[in-house]
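A short write-up of the structure that comes next.
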Amino acid sequence: MRKLIQELITQALLDMQREGSLPKELEPEVVVERTRSIEHGDFASNVALTLAKPARRAPREIAEEIIDRLLSNKNVEKVELAGPGFINFYLTQHSLQSVITQILAQGDDYGQGYDGNGTRVQVEFVSANPTGPLHVGHGRGAAYGATLSNILEAAGYHVQREYYVNDAGRQMDILATSVWLRYLELGGTQVAFPANGYQGDYIYDVARTVRQDHGDDLRRSAQEVSDGLPEDGIGDDPEAKDQREVHIDALVLRAKQALGDEQYGVCYEAALNAMVDDIREDLARFNVVYDNWFSERELASSGSVQRALDQLREQSHLYEKDGAQWLRATEFGDEKDRVVIREDGRTTYFASDIAYFLNKVERGFDRTIYVLGADHHGYVARLRAAASGLGKDPEMLEIPLVQFAHLYRHGEKVQMSTRSGKFVTLRELREEVGTDAARFFYVMRSHDQHLDFDLDLAKSQSQDNPVYYIQYAHARVASMFRKLDDKGYSHNSAIGAAALERLTEPHENTVMRSLAQYPEVISAAARKRAPHLMAHYLRDLAQDFHSYYNAHQVLVDDEDLRNARLNLSQAVGQVLANGLKLLGVSAPDSM
RNA sequence: GCGCCCGUAGCUCAACUGGAUAGAGCAUCGGCCUUCUAAGCCGACGGUUGCAGGUUCGAGUCCUGCCGGGCGUGCCA
């Protein structure tokens, strides 16, 4: 509809240019928007206002000429000139009603668009280190990334959802070593557990599986484990902090020596597999499913990192200083140059990031979206710099930053800290408030806003809870259809379709207008990477329906009117279900 | 210090990337169940969009400077 109006205006403008009342060289961009209020019609355009200056004429005068030249269209009831020069379009009643037929015909596909035009986009999100359970911070990234992916897909993009598994590097070694130490403990070997090791109980679980599969094979004496190691650090001062790092690194090295590659690998693989399986299961229960789990190790072993660095070196974007290799990131807008190869010859994490980006490009994506936590915003400039250095358009790399979510319980902020291990896991949150509420609450706010997550509200089964409010609207529709039999009626969709002109109540018009907006919401939410628009829209649609439901009886005696209203209600149920699906929220038939 | 993000009703947030009279929910107050689910509906109250300038037909939105908050600023991952 919007495009149709755009087309009408464009035609009128071309006419004016032909007649010479508008300069020919102008190439006006015709913007048509939904109006904020029905007083201004259904759609409005501000072309006359934007043309006023270049054409050096009064906006209202231009608008009037446009209106005179508009071809009539069966969907447009009337066109009005308003305010400083807006052109307002009012749709016909028939045009409003036709959306119902369209929705019922398209069903689950209603709202799907072609904006994406098959653009290949990859959305990478969560990608938490597989060193422990996901916590509520990851939850927001998961909800945002998954919903965004769904919406992009609905808007016609070709989407791949990817989880980047950091299965290499120091943290993984510390994890593997932690598992081994717990394994020893379970076997009766007493060794002091390092302050910087992974403390969680889940480490014992992994250790137990290692014992099951390998018995005492990995057992070593306490002396062999800890003799000659530097002291662990105790306390808060910076010195103790350094001591802890030195201690844990030495311990990892000791574990590797004592166990040898194969047995160390047993701990490593057991830990990795357990963590990744756990994360995968956790996310699946959160209705978050990935198309691909990408391994950092494979990236390294395939020589991609070297290749990426070679490519940068060829372009003279690397240089040596203090024995390390640096990327000239400042040449591409970063605030400082970045190390890619350390003095000791090992590549940095950033080097892997560069290789990973290159790998994505080579896989043929037109766009790569990295969903990151706001605390990672330092990466943005540096990844862009790397992209530029590789000769790629930094624009193809998008990094929406998801702000923190704070949990509130009984009006009090829930304190969390990773250090003490006292963080709320995603699993706990899910079990407390349910997947539906959690998914909805996470994307209810714009991703660049801090989110206050009210646990009590999310749990409450009341009018205050927007999730239930929307689901209730869907259940009401289903309930009406169940009631048909009791009343001796049945739904005849054909009769309803033929009688749509009976839908003329203001409440009905409001609902139909909302329904017609759904495809536009998908389009806008995709374009702006803003899933919260969908959450807001669904709430508004539910509200319009609840309001209608209270004002008018659907199951009336009049057969034509009854079926027309049933068609309308069915359409509402369909759109609610479609929208909730994108959010990863269920659409129950009864509550 | 420097960099990025944010500041809108008492609270939590919208506002279609520059459009018309800045909108919702919560909270507060008042109404509606003998009728399709009251997990609902209807109404009232609530604003100098942090402050000061600037850009233009038009600014919550853009530019500058302040004020306040968050995060970052490792040869960590």
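Numbered from 1 within each chain, the chains take letters A, B, ... in sequence-line order. Heavy-atom basis, side chains included; hydrogens, waters and symmetry copies ignored. Only a predicted model underlies this, so the values are computations on that prediction, with no experimental measurement involved.
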Inset, instruction - Apply ring-ring contact (aromatic ring centres under 6.0 Å, His included) to A:Phe332 and list each qualifying residue two or more places apart in sequence or on a separate chain. - result: A:His317

Legend entry - With sequence neighbours excluded, residues passing ring-ring contact (aromatic ring centres under 6.0 Å, His included) with A:Tyr537: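 Here the qualifying residues are A:Tyr518.
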
Inset, instruction - Scan side-chain atoms only and decide if A:Thr348 and A:Arg338 contain a donor-acceptor pair under the 3.5 Å cut-off. - result: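 Result is no, nothing qualifies.
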
Inset, instruction - Could you please name the option among B:A20, B:C16, B:A38 that lies closest to any side-chain atom of A:Thr35? - result: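 Of the candidates, B:A20 comes closest.
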
Same-atom distance ([atom1]) from [N] to [M], integer angstrom:
N     : M     : atom1 : value
B:G31 : B:G19 : C1'   : 38 Å
B:U61 : B:C42 : C1'   : 34 Å
B:G23 : B:C16 : C1'   : 13 Å

Is a donor-acceptor contact shorter than 3.5 angstrom present between the side chain of [X] and the base of [N]?
X        : N     : answer
A:Asn46  : B:G19 : yes
A:Asn88  : B:A20 : yes
A:His377 : B:G3  : yes

Legend entry - Over 12 foreign heavy atoms within 6.0 Å of CD, A:Glu298: no

Legend entry - A:His536-B:A14 aromatic stacking (under 5.5 Å, under 30°):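 No, A:His536 does not stack on the base of B:A14.
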
Inset, instruction - Using the aromatic ring of A:Phe86 (for Trp, its six-membered ring), decide whether it stacks on the base of B:G19 within the limits of 5.5 Å and 30°. - result: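 Whether judged by distance or by angle, A:Phe86 falls short somewhere, so it does not stack on the base of B:G19.
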
Legend entry - Complement of B:G10, any strand, by Watson-Crick or G-U distances under 3.5 angstrom: B:C26

Legend entry - Residue met sooner reading RNA chain B from 5', once A:Val31 and A:Phe350 are mapped to nucleotides: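 Its nearest nucleotide lies further toward 5', so the answer is A:Val31.
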
